[in-house]
Amino acid sequence: MSVGARGFVAVIFTILAVSFVATTAVLYFEYGLDGGTDWTAIATYYSHLFIFFPTFGILALIAFFVPACILVDMYWDHVPNGKARFMIGFMVAVLLALIGGNVLGTGGVLKSIFEIKPEVLIKDAGEPADCAATGKSACQRAPVLNALREVRNQSTRRAGMSKFVRDCSPDPLIGNHPQRQTLKYCFVTQSLAEAETCCKAQERFGTALYQMYQKEENLSLTGTVHRYLLPLKVFFLLMVFALAMLLALRHQNMEKHYKPFLPKIQRGLLVGAAAMLVWPLMNLAFLQSSGLLYGTGYESIYRDISPLILGAFVAWALLLVFFFFKSVDRADKDMENMGRITSLGGSALALMNYQTIVDYSVRFAGAGATVVSLGGLFLVVLVAFFFVVLQPKRTASGGLSLNK
């Protein structure tokens, strides 16, 4: 493996890692140091942006480093017309990332809470003004920070917020349904309300944020940094998908020219796949939480395709398992086959219990995440980092020793 390939990958991965940390660091700097807003409520609500990338995203970069170096070196030296193919593919990925980041960062009328300066959010008094001071039931729309705080408080106490997401786009071919008249807690009014009342309040919530966003002086530093760095996150997601598929496509070439690296490649890809599966879960947790504040009456391609995104990530992870979960010792073939069967069964079970998984994702990795649950995630990151980077071997006495 050439020094050039390792250097190229190291530069790209370092830029990505710095961008992952930068967005969350700016969020803390802007919302956490002023003392007027709960920055952790924003970070956990948008955990797919502010929690995943600086933790599991960086772990995935570490895990995929050797496989990425092998892929670059392979296309540079062992694939016909590999240099041209690689450069064209790389430029296409960059272009798609720029387009995707621009569409996701600037499109739509629904604006994120972190796109508004904290001092503007603090001044928001709800509708009618100062309604929260006179009593929760008086609000047609509670102040933005109050509503966000209520989502966080309730999410930390229960696993299953989907029951509070109201149907704001009922089927016109179906008449009045009893569920639409049922009184349920509405986080935007912070009172019991029927579906229609809550949906109108959620519409006011989205409109209020959009009106704040329309004034340039209200825009936050976090939102600006996020918008500029979003293409790097899109590029990262495209890269890990392409990396797995290209290595699977070229696996015979890889086994022929890079046999000494196979154990590291296999371990890195499998740990990287496990790390990446956290992102669609956090993404689904965010979408469920957004239904509590913004409602479901708006058109959202992103929301509609999110179940497909989860399915794509599961299929991608299975691709890695089937191509790269291979035992070096032939005596472990039964364990290898058992691992593949277990992966298939677990994936099928996960898809069948889709809503339950989303509910628990909100509780432990989304708006309801606590220091304990996030600490558990960070512990997983550290343990995985130990096994990926240091790659300990078991000694004859049963202990662990580090590879040199």
Side-chain angles (χ1 to χ4, degrees), residues 19-54 97-127 141-152 187-188 201-234 279 282-283 285-303 306 366-367:
S19 73
F20 294 167
V21 174
T23 310
T24 302
V26 172
L27 175 74
Y28 172 72
F29 173 80
E30 187 171 21
Y31 291 86
L33 295 181
D34 69 342
T37 56
D38 182 3
W39 81 279
T40 60
I42 299 176
T44 53
Y45 185 86
Y46 299 98
S47 62
H48 65 304
L49 296 176
F50 298 113
I51 302 295
F52 170 80
F53 284 100
L98 290 173
I99 295 174
N102 182 67
V103 171
L104 294 174
T106 60
V109 296
L110 291 180
K111 299 304 175 183
S112 300
I113 295 173
F114 64 82
E115 293 184 275
I116 311 301
K117 285 182 177 179
E119 53 267 31
V120 177
L121 295 174
I122 293 172
K123 292 180 181 178
D124 176 47
E127 298 176 22
R141 176 191 66 82
V144 171
L145 291 180
N146 287 18
L148 175 65
R149 190 180 302 116
E150 187 69 5
V151 169
R152 175 154 176 77
F187 289 87
V188 182
Q202 290 167 339
E203 185 178 350
R204 292 191 186 96
F205 183 91
T207 300
L209 279 176
Y210 184 73
Q211 290 174 345
M212 296 178 195
Y213 181 86
Q214 289 297 98
K215 298 180 180 180
E216 187 174 351
E217 62 271 19
N218 290 345
L219 301 185
S220 68
L221 176 62
T222 303
T224 302
V225 171
H226 166 71
R227 190 162 55 252
Y228 281 115
L229 296 182
L230 186 57
L232 292 175
K233 293 182 174 66
V234 177
W279 184 79
M282 286 185 167
N283 183 53
F286 158 69
L287 289 172
Q288 184 179 109
S289 298
S290 71
L292 301 175
L293 295 183
Y294 297 90
T296 61
Y298 56 89
E299 293 292 331
S300 174
I301 296 177
Y302 184 68
R303 182 190 64 197
S306 287

Original post:
Below 4.5 Å, heavy atoms only, C-beta onward: do Thr23 and Leu49 meet side chain to side chain?
Top reply: no

Original post:
Between CG of Leu287 and NE2 of His48, what distance do you get to the nearest 0.5 Å?
Top reply: 7.0 Å

**OP:** List the atom of Gly366, the atom of Ala285, and the distance in Å for their closest heavy-atom pair.
**Re:** CA-CB, 4.2 Å

Subject >> Minimal non-hydrogen separation, Ala201 against Val188, with atom names >> reply: O-CG1, 3.4 Å

**OP:** Return the minimal non-hydrogen interatomic distance between Pro231 and Ala97, and the atom names on each side.
**Re:** O-CB, 3.4 Å

Original post:
For the atom pair CG (Asn146) and CG (Leu121), what is the distance rounded to the nearest 0.5 Å?
Top reply: 11.0 Å

Subject >> Side chain proximity check, Arg152 to Thr40, heavy atoms < 4.5 angstrom >> reply: yes

**OP:** Indicate yes or no: at least one non-hydrogen side-chain atom of Tyr213 is less than 4.5 angstrom from one of Leu219.
**Re:** yes

Original post:
Backbone N or O of Phe114 within a donor-acceptor pair of the Tyr31 side chain at under 3.5 Å?
Top reply: yes

Original post:
Distance from Leu104 atom CG to Lys233 atom NZ, nearest 0.5 Å?
Top reply: 11.5 Å

Original post:
Does atom CD of Glu203 have more than 12 heavy-atom neighbours from other groups under 6.0 Å away?
Top reply: no

Original post:
Do Asp124 and Arg141 come within less than 4.5 Å of each other through their side chains, counting heavy atoms only?
Top reply: yes

Subject >> Exercise: identify the closest heavy-atom pair between Val234 and Gly100 >> reply: CG2-C, 4.4 Å

**OP:** Return the orientation label for the Tyr294 and Phe205 ring planes: parallel under 30°, perpendicular over 60°, tilted otherwise.
**Re:** perpendicular

Original post:
How far does CH2 of Trp39 sit from OG1 of Thr44, to the nearest 0.5 angstrom?
Top reply: 9.5 Å

**OP:** Working to the nearest 0.5 Å, report the span between OG1 of Thr296 and CD of Gln202.
**Re:** 7.0 Å

Original post:
Should we say atom CD of Glu216 is surrounded by more than 12 heavy atoms from elsewhere, each under 6.0 Å from it?
Top reply: no

Subject >> For Leu27 against Ala43, the heavy-atom pair lying closest together >> reply: CD2-CB, 3.8 Å

Subject >> Residues Glu115, Arg227; criterion side chain to side chain contact (heavy atoms under 4.5 Å, CB included); working and verdict >> reply: CA-CA 9 Å; Glu115 293 184 275; Arg227 190 162 55 252; 4.1 Å; yes

Original post:
Quick one: are Phe20 and Phe52 in side-chain contact, heavy atoms under 4.5 Å?
Top reply: no

**OP:** Check for a donor-acceptor pair, side chain of Thr224 on one end and backbone N or O of Ser220 on the other, with a separation under 3.5 Å.
**Re:** yes

Original post:
From Ile122 CD1 over to Ile116 CD1, what is the distance, rounded to the nearest 0.5 angstrom?
Top reply: 13.0 Å

Subject >> Which atom of Gly101 lies closest to which atom of Leu230, heavy atoms considered >> reply: O-CD2, 3.5 Å

Original post:
Do the side chains of Leu293 and Ile113 get nearer than 4.5 Å, heavy atoms only?
Top reply: yes

Subject >> Non-hydrogen side-chain atoms of Leu33 and Tyr28 separated by less than 4.5 Å >> reply: yes

Subject >> Side chain to side chain, Thr222 and Phe50, heavy atoms closer than 4.5 Å >> reply: yes

